Chemist: 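Would you mind keeping the following structure in view while I ask a few things?
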Amino acid sequence: MSQDSLLRVERVTKAFDGLVALSEVSLEVRPGQIKGLIGPNGAGKTTLFNLIACCLAPTAGDIVFCGRSLVGLPPHRAAELGIARTFQNVQVFPGMTVLEHVLVGLHRQAQAGLVACALQTVRLRRTERRLREEAEALLDRLGLLPWAEVPVETLPFGLLRRVELARALAVRPKLLLLDEPGSGLNPTEKQAMSQLVRGLRDEGITVFLVEHDMTMVMGLADEVAVLDHGALLCEGPPHLVQRDPRVVAAYLGEGDDA
Amino acid sequence: MSSKVCARTRRAALWAGVALVLAASLVFPLLAAPARVGTPYRIGFIASVTGPGSSLGAPERDVARLVQDRLNREGGIAGPDGVRHEVQILINDDQSRADVAASLARRLIEQDQVHVLVGTTLSGPSLAIVPIATELRTPNISMASARAIIEDPATKRMRTWIFKPVPENLHSAAKQAEYLKAVRIDRVCHLYENTAYGQDTFASAKQEFPKAGIRILYGDSFDRFATEFPQVTRVRASGCQAVVIGSIPPAAAVINVAVAGRVGPRKIVHGHGACSPDLIRTAGQAAEGTVMPCGKILVADQLPANDPVRRVNLELVAEYARVSGGQPISTFAGHAYDALQWALLGLQAVPDGQPLARIRELARDGIERIRNYVGTHGVMNLGPEDHLGFDPKDFVIVTVQGGRFVLLPPDRWK
Amino acid sequence: MAEPATTELPARTVPGPRGPAPGAFAARRPSSRVVLGTASAVLLLVFWALGRRLGYGLSEYLQLLVDGTVTGSVYALVAVGFVVVYRVTGVINFAQGAFVMLGPMLAITFFRALGGSGGLALAAAAAAAVLATALVATAVHRLTLHPARAASALTRIIITVGVYIALQGLALRVWGPRPYVMPAFSTLHMADRFLEVGGVTLQAQSLWVWGLGLLTVVGLVVFFEHTLVGKAMRACAVNRTAARLMGIRVDRMATLAFALAGVLGAVGGIVLAPSTRPTYDMGLDLGLKGFVAAIAGGLVSLPGAVAGGLVLGVLESLWAGVTVAGFKDLFAFVMLILLLLARPQGWLEGGHE
Amino acid sequence: MTARAWAGTWFLAAAGVAVVGAVELAWPGTAARLTRGLVSTDLLIRAGLFTVVLVGLNLLMGYAGQASLGQAAFYGLGAFASAIFTVRAQALGIPASVAGAWWWPWLVMLLAAVAVGAFALAVGWVILRLRGHYLAMATLGLGIIVYIVLRENLGMPHLNLTGGFDGIVGVPRLRVGGAELWPVQVYYFVVWAAALASMALGLNVVHSPAGRALRALHGSELAAESVGVDVGRLKAQIFALSAALASVAGSLYAHFQAAVVPDTFGFVPSLELVVMSAVGGMSSIWGAPLGALAVLLLEQLLRTHVLGLVPAVSGELEPVVFGLVLVVIMMFWPAGLVSSRRVQGTAWASR
C-alpha cells in the first residue's frame, strides 16, 4: 500500500452478536481524492463509516488514519484527529439554531473547560467572538447565512443536509465522511451538493462518501469501492467499476444479464 | 287554713327565690372576679400525624384535641394572680420530616407567636426543632424519646429551653435487664426496627444489659415493611434464650409473629415502643406472653388503688375512648397528654400582663419548677438538672394475656 | 444503463448500528455472562463462608432461600406490573406502589363489609378489591396519562409520581394511619400456621404467595400468548406505530396495560397482606423494590422481571442472614448498579430497548 | 434575548431579592403579614437553598438531558460534611484553634463541595454511560446508597460520626470575622447571594461553548461526538458541577437548620427535587428559583390556608391536593412555568 494514503482500512471484520456485517474489508483513501462507497442496502457501508468514525470498534483488523491506528479510540478523538462526518438520517440538535450548530462544530477550538465557561473568563469571551465570526463566514460560504438564527426544526430537509455539512466542516477535517449526502434532495439540490463537495476537494479536504444515486456518485468520485454482503467486491475508477460484472450482478441480482 | 299556709309559703319561696337570684347576680361577678380575662395563650403543637411516625402521632393529635375541648369547657386556665386565660392549641403535622418540623416550629414561634411549643413525635424532627426553640427562647416540650433532645451530648448539660415527659430507652433497657435477670436469662438476641427508635433501643441495650450480666449474642435491624426475616435464622443459630425486640407496631407485630412462630416458646421482650393496643390488635395470638416495660397508663385499671397516677389515667382513658371512637389508649397518647399538661402548668405560673418574651421565659421557669406532677407514666419532678423528671421505678412490666395488657408485678415475674 | 440506485435488494438481517445502544460498550469487554457467572460464584462463596462461621447448615440456607423467594415473589409481581405498563406506554409508573397498597386496604374493607368471616367472603372481597384496583388504575390512565400522552417521558413519569402522592394521601384520609389486619387465607385467622419441612419453617401463607403469584404470572403469559387482545398488546410493545397501522387501538391497549398493572399490584399486595400489616404508606417501599427488580430484569422482559424479583428477594435474604441487615438495601442497589453497567439491557433477553 | 434584556432581568431579580431582604431585616415578619402568613423568611431561605440545587439539576437534566433521581444525596453529603467537621471537630482531632475560627465552616463548605464534586466525577464517569431509565435507576440507587451510609453511621457506629437516624444537632451559625450571619433575616442574604451566584454560574455555562455542547449532546450524542465533543467527559463534569452545587446548598442548609437528619436526604426528597425542577421548567436556569418557590408556596398554601378553612383537618388532605396539583401542572404545562424557547425535543427517557 502506498505511503501517501490518508486512511487505510486493513482486513477489518465486524460482527454483531455473531452476525457478520463486514468481513476482511481492506481499502484506502488517498489525500485530496473524492472516494465513493457503494453497495446494495445492508452491504455494510454505514457500518464501515461508523468504524472509521470510531462509533464502533472492529472485531478484527485495523484502521489507520494519518499513520495512527483508530482502533479503540472514542468517537470524539476521531474528530480531533480530523475526521468529520454527516449522517444518513440527518442528526441535528433540536432547539438549536443553525449558527449554534456550527459553533458546536467549532467546540474543539474554543479550548474552554467547564470552569472557564462557568466563570465566563475574558479570554473565553474573546474566543467566542472570534468563533462567531468564523461560523458566520462558514455559513456564508454554504449559503446558510440567512437562516443563521433560525432553529433547525423549522428548516426544510434539503437545508438540514447543508447544516450538517457546515457543522462537519467546522471541525476543519482532513477527511470528510458523507453518508448519502444526496438522499432526500431534489435534482437541483443534488447538483448544488455535488458542486459543494467538489469545491471542498479543491480546498484540500479528502472526501469519502456513501451514495445510492449512481449518477451522482459516478460523476463525483475519483475512485469507487463496492461493498456487497459485507465484503469488498471491487475498487477502482468509476467507469471501470460500473462495468464490472460482479457489481452489476450484485445490484441486479445474480443470473441477470446487465 | 292549709291553703293559706300553702299560699304563704309559696309566696315566701317566691321571694326567697327572687332574693337569691338578685344576690347571685350581685355576688357571682364578685366570686368570679378572676373572670377578668387575661391575654389568650397559644400552644403550638406539632405531631407526626402522617408518615412513618403516624401510628404514634395520630393518637397524640387526638389528645391535643381532647385537651383543647377540656380547656374550652373549663374556660382556659388561671394564672397565679387568678386571671383566666383562654388557651388555643395550634395543631400541625410535620409528616414525620425534620425539615418540615423545623419550618413549622419557626413559623409557630415567629408568626403565630405561640407561648409554648409542644412537639414533635419522632426524635429526628424533634432534634431539628431544638436549635430553633433555643434561638427564639421558647419553651419546647418534646414527645420523642432521644436523650439528646434535652441534653447536649457534648457537654452533658440540660438544654435550657427543652423538656420532654418521655422515658428513654436507657430506662426501658434497664427495666428489661432487671426482668431478664430475675427470670434467669443471660443470653439474648436483639432485633430492632431500622428507625431512630430502633437504633436507640439497641444502643441502650448494649449499654445496660452487660451491667446486669446479660450478653447480647446477636443484634441486627430489620426493615419497617419487611415480611420475611432472615434475621430469625440467625437468632435460631445463635442459641440465645430470649429475643428482645426494639420496634413499634405494626413492624413490632410482624416480627413478633415471625419470632414466635419460628423460634418457639422462648421469651419475647418488647421495648416500650410496643406499649400500644395496636400491638395486640396486629400481632394477635403471637403477642400472648410477651413482656415489655411500659408506662402505667396502659394498665391504669389494674394499678393498686393507692397508686397516685391511677385516677388521672382512668379519667384520661375514658375521655380518650370518647374522642377516638372507642380506640383504646396508647402510651404515646399519654406522652402528648403529659407534654400539654406541662405546657399548661408552665403557663399557669405566669402572671398576667407580661410581654411575649417574658411570658415564654416565665413559662419555661414554671415548667422547670414542676414538682410531684401526677402524670400518665408516673409522678415526675423536674428541675434545672432534669428536664425529664421520670423515675425509672415508675416503669412497670406488662404482659399480654387473653388479648389484653396485664400488669406483671415483680412477684409474678417468675 | 439501468438505475441501480433504485434497485433495492432484500435487506439482510444485520442489526443496524444505529448509534451505540445502551450496551454499546459491551463490545470492548469480556462477555458479560462470564462476568456475571464469576461474580455470582464469588458472591455465593462469600455467603457460604460467612454462614459457616455462624454455624449454618443446609437447613439454614434452605430457610434463607425460602424466605427470599416469598418476598421475591411479591417483588416479582410488582415488577411485572412495571414491565407491562412500560412496554405498552413507555412510562415508568411510580403509581404502581399505590396499587400494591390499595389491594389489601380495599380487600380488608370489603371483607369487613361482608361480615368479616368465612373463606368465601374473603375470596369475594379479594376479587372485588383486585377489580376495584384495576378500575382505579384504568381511571388513572384515562384521566391523567392518556390526555398527556404526547408529553415527554419525564413529564409522564412525574405525573405518575403525583398520582402516587394523591392516592396515598387519599388512602390516609380514608383508612387513617393505623395498620390493618388481614386474616391468613388458610386459617382465616390472624394467627397463621407455621409449617415445618425438614428444618425449614414457613408460614402457610407463603404457599399462597407462591401459588397465587405463579398463577397470576402464568395467567398473564397465557393472556399474552394465546388471546387476541394479548397479542395486540404485544404488538404495541414492539412497535406502536406499526400496531396503529394494523388497526390496533393503541390507547386502549395502554389503558388495558394499566388495568393489568392494577391487577398485578393488587394481587401482590393482597397475598402479602396476611403476613404484613397493611398501612396507607406500604406502597412506596414495595414499589421501589419492584422497580429495581424490573430494571434488573431489563424493564421490557416479563421473565426478566420475575427472575429479577426472585433474585433480589433471595440475595437480600442471604445478605441479611449472614451479614448486617441494615446494609441490605445498600447491597441490593450496589448489585443493581453493577448489573446495569455490565449489561444494561437485562440478562435474559438478547436486548432490544 | 438581547444582552440588555438579560441585564435588565438580572437587575430586576437581584433588586427584588435585595428589597425583600431589606424589608424583612428592617421590619421582620412583614412578608408574612402582607401575605397572611404565606411567605416567610424561612420559606424564602428554603427556596434559595433549593435554587442552588436546582440550577445544577437543571443543567444536568434540562440541558444535558441526563436524569438524576438521587440528587438529594449530594445535598446531604454537603450538609453532613459541614455538620460533622464543625460539631465533631474535636472528636476528629481538629485543633480547637482551627475548628473555632470563623473561617473554618467556610473552608469546610468549600472542601466539601470539591470533594463531593470529585466523588460525583468519579461515579459519573462510570454510570453516565447509561441512558434513559437505566441512568435514572442508577442515580436513584446511588442516592439510596448514600442515604443508607449516612443512616448507618458510615458503617462505623462506634465513631458515631453521622449520629445515625438522629443526625447531628448544634451546627454553628456562619460567621464573618466576629460577626454572626444571623438571625434568619441576615442569613437570607447569604443564601440568596449563593442562589444568585449559582444562577449566574448556570447562565454562564448555558451561554458558553460548554452549554452549547450540553444541549447538543442532549439532542444527539452521536452527532455531538462526531464534531469532537467528549461526551463522556462533559457529562461527568456537569454531573460533578451539579453535585458540587448541591453540596454547597447542603452546607448552607446545615448552618441554617443547625440540625441535620439523614431522612431529609433520602429517596423522596430526591424525587421532590425533580418535581421542583419540572414545575419550574428544567430547560431554563430561571426555572430553578421559580420551581422552588412555586412548590414551597403550594405546600405552604395547602398547609395553612386551604386547610385552615377546614379546622378539623390537619395535614391529611394536603398530600391529596398536592399530588393532584402536581398532575395538573404537568398535564397542562409540561415544560414547566418557564421554558426557554430552546431546549425541547428529546427528553432523557424518550424512546
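Residue numbering restarts at 1 for every chain, and letters A, B, ... go by the order of the sequence lines. In this text, all values refer to a predicted model and were calculated from it rather than measured experimentally.
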Chemist: Identify the residue among B/Arg106, B/Glu110, B/Gln111 that makes a side-chain contact (heavy atoms from CB on, under 4.5 Å) with D/Ser40.
Modeler: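 That would be B/Gln111; it is the only one of B/Arg106, B/Glu110, B/Gln111 passing the side-chain contact (heavy atoms from CB on, under 4.5 Å) with D/Ser40.
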Chemist: Please round to the nearest 0.5 Å and tell me the distance separating atom CD of D/Glu299 and atom CD of B/Gln95.
Modeler: 7.0 Å
Chemist: Using the rule given for side chain to side chain donor-acceptor pair (under 3.5 Å), can you reason through D/Arg46 versus B/Ser103, listing the C-alpha separation, both sets of side-chain angles and the distance that settles it, and then say yes or no?
Modeler: CA-CA 9 Å; D/Arg46 278 164 209 282; B/Ser103 262; 2.6 Å; yes
Chemist: Go through it in stages, so that I can follow the logic: the residues are B/Leu122 and D/Phe165, the test is side-chain contact (heavy atoms from CB on, under 4.5 Å), and I'd like the CA-CA distance, side-chain angles, deciding distance and then a yes or no.
Modeler: CA-CA 10 Å; B/Leu122 300 176; D/Phe165 275 95; over 6 Å; no
Chemist: Checking heavy atoms, do the side chain of B/Ala102, its backbone, both or neither come under 4.5 Å from chain D?
Modeler: both
Chemist: Select one option (side chain, backbone, both, neither) describing which atoms of B/Asp200 are under 4.5 Å from chain D's heavy atoms.
Modeler: neither
Chemist: Which of the residues D/Thr41, D/Val261, D/Val169 is involved in the greatest number of heavy-atom pairs with chain B at under 4.5 angstrom?
Modeler: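 Going by pairs under 4.5 Å, I would pick D/Val169.
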Chemist: For B/Leu104, is it the side chain, the backbone, both or neither that has a heavy atom under 4.5 Å from a heavy atom of chain D?
Modeler: side chain
Chemist: Checking B/Gln199 side chain against D/Arg151 main chain: does a donor-acceptor pair fall under 3.5 Å?
Modeler: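 Indeed, once roles are kept as given, a pair shorter than 3.5 Å links the two residues.
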Chemist: To check you understand the geometry: which heavy-atom pair defines the closest contact between B/Gly124 and D/Asp166, and what is its length?
Modeler: N-OD1, 4.0 Å
Chemist: Going by an N to O cut-off under 4.0 Å, is there a salt bridge joining B/Arg97 and D/Glu272?
Modeler: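 Here B/Arg97 pairs with D/Glu272 in a salt bridge, since their nearest N and O are under 4.0 Å apart.
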Chemist: What part of B/Ile129 lies closer than 4.5 angstrom to a heavy atom of chain D: side chain, backbone, both or neither?
Modeler: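 Neither part; nothing is under 4.5 Å.
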